[in-house]
Structures are given as structure tokens and as C-alpha cells.
Amino acid sequence: MKPLTTLLVLSLYFSGTAAATEADLLIADFEGKDYGSWVVEGEAFGPGPARGTLPRQMQVSGFEGKGLVNTFFNGDGTTGRLTSPPLKIERRYINFLIGGGGHPEKTCIRLLVDGKVARTASGPNTQPGGSEALDWCSWDVSDLVGKEAVIEIVDQATGGWGHINVDQIVQSDRRIASVTLSRELKLDKPYLHLPVSNEAAKRLMRFVVDGRMVRQFEIGLAEGEPDFWTYTETEPYTGKSLSQSLARRRGQAHFAPKTPQNEPVPDGFGIGSKTLRIEVDRMRADSAALAAIRTADQLPGDDLYREPLRPQFHFSPARGWTNDPNGLVYYDGEYHLFFQHNPYGTAWGNMTWGHAVSADLVRWKQLADAIHPDELGTIFSGSAVVDQGNTTGWQSGSHKPIVCIYTSAGGTNAESKEQPFTQSIAYSTDRGRTWTKYDGNPVLGNLQGHNRDPKVFWHAPSGQWVMILYLDQRGQFALFGSPDLKKWAKLSDVPFPNGHECPDLFELPVDGNPANTRWVVWEGGGQYLVGRFDGTTFTPESGPQPSKFGPNDYAAQTYSDIPAADGRRIQIAWMAGGKYPGMPFNQQMSVPRVLTLRETPEGIRLFFEPVEELKKLRGKHHAWQDLRLGEAPKTLDGVSGDRFDIEATLDLGAARSIGIRIREQEVVYSAADQQIRALNKTAPLSVADGKLTLRILVDRTSIEVFANGGRVQMAGCFVPEPQSDGITIAATGGEATALQLNVWEMNSIWE
């Protein structure tokens, strides 16, 4: 039966195998130094075919030979057109490889007959993330055989994914057709492992239970050795049958029927269903990816959390991409950290709320992903609260409802095509272990554009929930009020010069005085306004002021529902833009930090300090007092490793500057310029009486600096040099003194 099965697959894969076929006719393979007789217009096509990936471009894969058309020449801002010489259509199909931008008519290849567009195709990408992998596409031109035509490759887009990749254009009597491959697995282990290639084209994978789709995401399945293995939990299916199938619809995604909107579905896999079917679109018939999928007793990776570039006291997900922290909330002895997450790849995409908890803000346990994409969109940023007064009516036992408020990003996944950006909620009544989406979602419809990132809190003086929302235009935020988190009404606008997304709004005492408080409005880039809030209107008194000066610090959010006995305002940021080459995860969070408002000569300002709990990780201690510093760098004897907690009190004396070099990265204070520099970024910082205090946290791939009690904070990432594990300190232009210098080697949160 094996040979028969093979023949059946081939008959699906190639059209016309029952009849004799003519040899293929090559139109272009772009292997030459230039485009030959093709006519070039504009700058996007460069001096000739690209040899793979261009500067500042993600890795391009899937093309044949050495050359291809790649209009990322000098970036997405260039435009142009490439036109073939006239050709006669002599076969039933025109096949080609295509990738890049998915903007119809602007990033496309098209067939012109009698001067009119007869066929067209675009790449797959329109959103951040995506893949530069090329994939096969076929035009059925059987009705055009005998006609003369030309082919145009067009790049008229200048924004994101404003380029097109094309290769291997061939006339043929065969085409890649829709195929279905199936395989059944018995789910007798807790995890399903999926092989991922960073260079593979993203395919749409669906989980279908009883004929109804319950989960859908994009994944780059590896055909050979995977770059890494990702996973999904199988507990709801244990002992049940898994059917996997693949379908190709000639560029058209094939979807299972949507769940009726009036039928609430828990945000899980459908416990109790007899079978789970996995479908993946647009796969080749000879794919080996299905055969590699496996069940397992544990998470993939023998070195999980011990990978060479894994942060050891900063949170990062076990697998996949992470960006904005979301839904920071404290309940019943646990700090919850939700986060923007792509569980199935190390690039942005499939926006899902990942979930981790900690009893001490230091050691984190990653739980199952909490909120998954649906027919309203992928799950963009938002916040979470504890409904202490049961305003939602959802409390059914001893636990208060935890409610997550998030943006349903319509149009960012296949299910939500043509849906707008709206705001939705999901809730848990079991300490955040399972989540149910509100069947009345969205709770706030689209106001304008990609309005997003709701931050919600309970405002006791006005007896209502308050939401601050970004309105998708720089400088435009608005406040909304609700009695129950389900019905919202606009309260007022919050102008914020150049403010951009991911807002926060919170109250703090000034210099710890509860009788003298101010409210802070925060935006994603770390600027903030200080003012007053009366339950309806925020009135600014100063700002915007910058708060972040490091290169990798974005979309910070503060915790809700911290007990009054604690009273801290605790914030976590995304250390955006870090590099982790070869790792099965991407990006990390900052350490939790405490925010305070203090009077300064410049006015009321925010100060930032690491949470006290981090000191639990301190290990071996090294200390110096009255250490004289000069031009010759002093090596701190006995200190080595890849993670440290450093506290220093420095007397600048006559020195022009003083610098600490850690793992080949420098933190330098210039007395002449009154600036501190770290990771090639600077911040203004004056010192009193010539004294400078520093707290420096060094992890495997990051440095966070807190200067003069947190007046300046700088967070940055780096890729470490091999064997860079020591610390030196020096002064220039005169002598300085390290009055106190303490270095602790830090333990890992994963051990």
C-alpha cells in the first residue's frame, strides 16, 4: 500500500499527471548580475538581482539558486517597477516564488494581457513580525494560452513591509495544488512539541474540536532540523485522539466555521471533546514537518532556563517572543504578570496574553497562556484589576474575580478580517488559573483608528472604574468611566504632547506625605505628566518629563491592587530591542522597580529603585572602602561571573570622570558635563557635594543603572563578549575615591 499512497499524494500535488505534459519553460530565475532584458524603473530593484538578504532585512529564505528579486534595496522607502519583455503564454500555469509585503497593487507581481491586469499576487505580510520566506504561488492561465503578455513586479509601498520578493518564474503544465495530509496521535503525555524554523514561511495552524475551531495561530514549521521546539499543553486532551491535516487553498486560507457569537466558549481547548484536529494551510505534499510533531512528558529543551543568553534574574518566556507587560495585578499572595506573547515563534505575531506568577516579584512560574486570539482579533495590550466589590457580579465562590481588560486587535488575524480595534474583557474566579471571555465583548467599540491599550483602576472617591485609552494619534488619550467594567462612558480627553500608546494613570504621595499627592499620566515611551485628577478630568501641572534614558525600556506598566499595608507603586517594563541570537525565546522584562514622587530643584519628579526583594538573590559578597581611583583601571580582584548587584558611593574629587567597566560594558559619569552614560546613551545628572551613588544590576544580557537614589534610571541590553566576566573601575583627569563599593554575585531565579 505504500507505493499507492505515494502515487495518490503526487496526483494531488501536481495537476495534469494523467495526461502528457510539456517541459517547463523558464521565464526568469534572476541568477544574472543584472536583469537582462527586463526594464527597471525606480530605485527599489537595486543594480541587479539580490543575493539573498539585504542590509537591515530579516533573513530571506525559500528562493532558489543564488539570486532573486528583492526590493528591500535601501529599505522599505524605495519604490519601482520591473517589467519583463513580451512573452507568449504556452502552458496552463505560471508558477513562481513570492514573499515580502502583502499590499495589493502596491507590492505585487502581475500578469498583463492586452495592457490589462489578468492575474496578480502579493506577499503574505502586512503586520510587524512575519517572515521573509518565499512560497510558491500558481496562476491558472489555461484560458490565456496563445496570448502575448508581460509580467510586472511592482513596489509602490513605502511603509512597513513595503517591498516584494520574487524568484523562479516558470511556465508549466503542473501546479502546486491543495493537498491534505493527515496523521493521528494519541495524547498520552502532557505536552505537544512543535518543530519551528525561524526562516520557514508562516503557516496558519488551527485546532478544531467537534468541527469547531477553538484555536488558530501562525507558525513556521521546520522541515528539517528545527531552530527550536515550542509546545502547547495537552492536558485537556489526554487519552484522546489527535488528527492533524494540512490543506492548501492556492493562497486562500481555509477556515473552520466561527463559533456563534451568542454561544460563550471558555478560553480553553474544549475539555470533554472526543478528538482534536490540527490543520495547517499551504504546506507542500512532501512536508516532513508533521512527522516530527511529538508528545512529551516535559517542556522541550534539556537546557531550559540555562541557555547561554537566558536572563537569570529577569523574566523571559520559556519559548517564543514577548513584548509589553500586561495586566500587572496582585491577588491572594501572588503577583501576576501577563505579557504580550507569541508562543509559536521568536518574532512578533500571534499576540496572546502569556501569564506568569510570583510570590515575591523575584522567582516567576510561567502558567498556561491566559487569553488567546479570537474572531475579534489578536490580544493586544491592556491591564487587570481585582473586582473587590463584585461590580461585575461574577464572584461565585470565595475568590474575587480578576478581570483583564485588553484590546481586541481586529484585522490582525485571519478570523478577525475587517474587524476594528475594540476593547474587551476576560475574567477568572479561580485565582487566575482559568479564564473566560465576556460574552458581551467588546465592551467599548471602536472610537478611531487602532485605539488601544486600556489601563483601568478603581477610583474610590467617584465610585467608578476609570480607563485611560490611547486614541491612535500621538498626543491623544481619553478617560472613560464604568460602574461594572462592562458599560463605559467617556469622561474627558487627556492631551499629552507627543505621547504614544501604553498609558498608565496613578496617584502617589509627594515625599511620602499622604496629605500631599499628585497623579501621574504615563505613556509608552516613558514620558510622564504630573497633575491632579478629580474622577473626571486630569489637570496637568508639569511635564511631559522623560523618565527613561537607557536604550531598552518601553511600555512600562504599574501593578494594581497592591495591599495598603505595602503601599508601593511597582512597575515593570519591556526591555525592548534586546538581542538573543540562537535562543528559543526573544526579549525580556526589566526588574520590578518602585516609583516615588519627590520634590527636586526642578520640581516634582519620579524616582525609580529596584524592589527590595531582589536582595534575596545576592550571593557571594565583595566589599571595598576608601578605594583610591586614578587613570590606571583597578581590577576588582576575586570578582567574576555574568550577573552582579553593585552598590557604590563615589567621591568624584578632582576627577573629570569616573567609570565602571562590567563585562566590557561601561557606566561612566562625567563631572564636567554632569552626565551619566551607559550602553551609548546619556542622561543629565547633577551631584551634591561631589558624591555620586550608583546601583547597577547586571544580568547575562542586560544592565540596569539607578543613579542618585533613582533620580536617573537606565535600562539596556547587550550581547556579551565571550569570557567577559570581570569588573574594573577608574577615574580620569584626577583622583577619585570609592567610599563604599559592594559587589554581590547574583543567584539565578531558575535554580
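All of these numbers come straight from a predicted model, not from anything done at the bench.
Thr407 places a side-chain N or O within 3.5 Å of a backbone atom of Asp453 that can act as its donor or acceptor partner. Using modelled atom types, one side-chain atom of Arg319 and one backbone atom of Trp229 make a donor-acceptor pair closer than 3.5 Å. In this structure, Asn342 contributes its side chain and Tyr344 its backbone to a donor-acceptor pair below 3.5 Å. Formation of a donor-acceptor pair under 3.5 Å by the Glu523 side chain with backbone atoms of His500 is found in this model. Using a distance-only test at 3.5 Å, with no hydrogens or angles considered, no donor-acceptor pair links the side chain of Asp699 to the main chain of Thr701. Asp155 places no side-chain N or O within donor-acceptor distance of the main-chain N or O of Ala44, the cut-off being under 3.5 Å. Side-chain N or O atoms of Gln557 include one that pairs as donor or acceptor with a backbone N or O of Gly327 at under 3.5 Å. Looking only at distances, a side-chain donor or acceptor of Asn552 sits under 3.5 Å from a matching main-chain atom of Cys717. Between the side chain of Thr107 and the backbone N or O of His103 there is at least one donor-acceptor pair closer than 3.5 Å. Using a distance-only test at 3.5 Å, with no hydrogens or angles considered, no donor-acceptor pair links the side chain of Asn413 to the main chain of Pro373.
Here the shortest heavy-atom pairing between Ala556 and Arg593 reads CB-NH2, 4.0 Å. Here the closest heavy-atom approach between residue Pro311 and residue Ser316 is recorded as CD-OG, 3.9 Å. The heavy-atom pair separating Gln587 from Pro317 by the smallest distance is O-CD, 4.0 Å. Closest of all the heavy-atom pairs between Phe228 and Pro584 is CB-CB, 3.6 Å. Shown here for Gln713 and Phe706, the closest heavy-atom pair between the two residues is CB-CD2, 3.9 Å. In terms of heavy-atom proximity, Ala678 sits nearest to Met714 at N-CE, 3.9 Å.
For Ser657, the side chain to side chain donor-acceptor pair (under 3.5 Å) partners are Thr732, not counting sequence neighbours. For Glu609, the salt bridge (Lys or Arg N to Asp or Glu O under 4.0 Å) criterion is met by Arg598, not counting sequence neighbours.
A side-chain contact (heavy atoms from CB on, under 4.5 Å) with Val667 is found for one member of Ile658, Leu679, Val698, Ile696 and no other, namely Ile696. Of the options His372, Met205, Arg206, Met351, a side-chain contact (heavy atoms from CB on, under 4.5 Å) to Phe217 is made by Met205 and by none of the others. Applying the ring pair (Phe, Tyr, Trp, His ring centres under 6.0 Å) test between His163 and each of Phe72, Phe45, Phe73 identifies Phe72 as the sole match. For the ring pair (Phe, Tyr, Trp, His ring centres under 6.0 Å) with Tyr335, the qualifying choice from Trp364, Phe315, Tyr559 is Tyr559, the only one to do so.
Phe585 has its ring centre less than 6.0 Å from the ring centre of Tyr580. In summary, the aromatic rings of His355 and Trp353 are positioned with their centroids too far apart to meet the 6.0 Å limit.
Using a 4.5 Å cut-off on side-chain heavy atoms (C-beta onward), Pro343 and Thr352 make contact. Using a 4.5 Å heavy-atom threshold, the side chains of Ile293 and Pro195 count as touching. The shortest distance between side-chain heavy atoms of Ile646 and Arg695 does not fall below 4.5 Å.
Checked for salt-bridge contact, Lys615 and Asp645 miss the test: no charged N lies under 4.0 Å from a carboxylate O. Taking a cutoff of 4.0 Å between a charged side-chain nitrogen and a carboxylate oxygen, Arg618 and Glu647 qualify as a salt bridge. Arg203 has a carboxylate O that lies under 4.0 Å from a charged side-chain N of Asp135, or vice versa, which qualifies the two as a salt bridge.
Side chains of Asn326 and Gln340: a donor-acceptor N/O pair is present below 3.5 angstrom, by distance only.
A cation-pi arrangement is absent between Arg643 and Phe313 under the rule of less than 6.0 angstrom and at most 45 degrees off the ring axis. Remark: Arg363 is not positioned above the aromatic ring of Trp750, lacking an NZ or CZ atom under 6.0 angstrom from the ring centre and at most 45 degrees off the axis.
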Verdict with reasoning, Gln312 to Ser748, per side chain to side chain donor-acceptor pair (under 3.5 Å): CA-CA 5 Å; Gln312 292 298 291; Ser748 172; 2.7 Å; yes

Side chain to side chain donor-acceptor pair (under 3.5 Å) between Thr346 and Asn198, worked out: CA-CA 7 Å; Thr346 53; Asn198 291 324; 3.0 Å; yes

side-chain contact (heavy atoms from CB on, under 4.5 Å) assessment of Tyr191 paired with Leu299: CA-CA 7 Å; Tyr191 298 103; Leu299 296 179; 3.4 Å; yes

Verdict with supporting geometry, Trp321 and Asn323, side chain to side chain donor-acceptor pair (under 3.5 Å): CA-CA 7 Å; Trp321 165 273; Asn323 53 289; 2.7 Å; yes

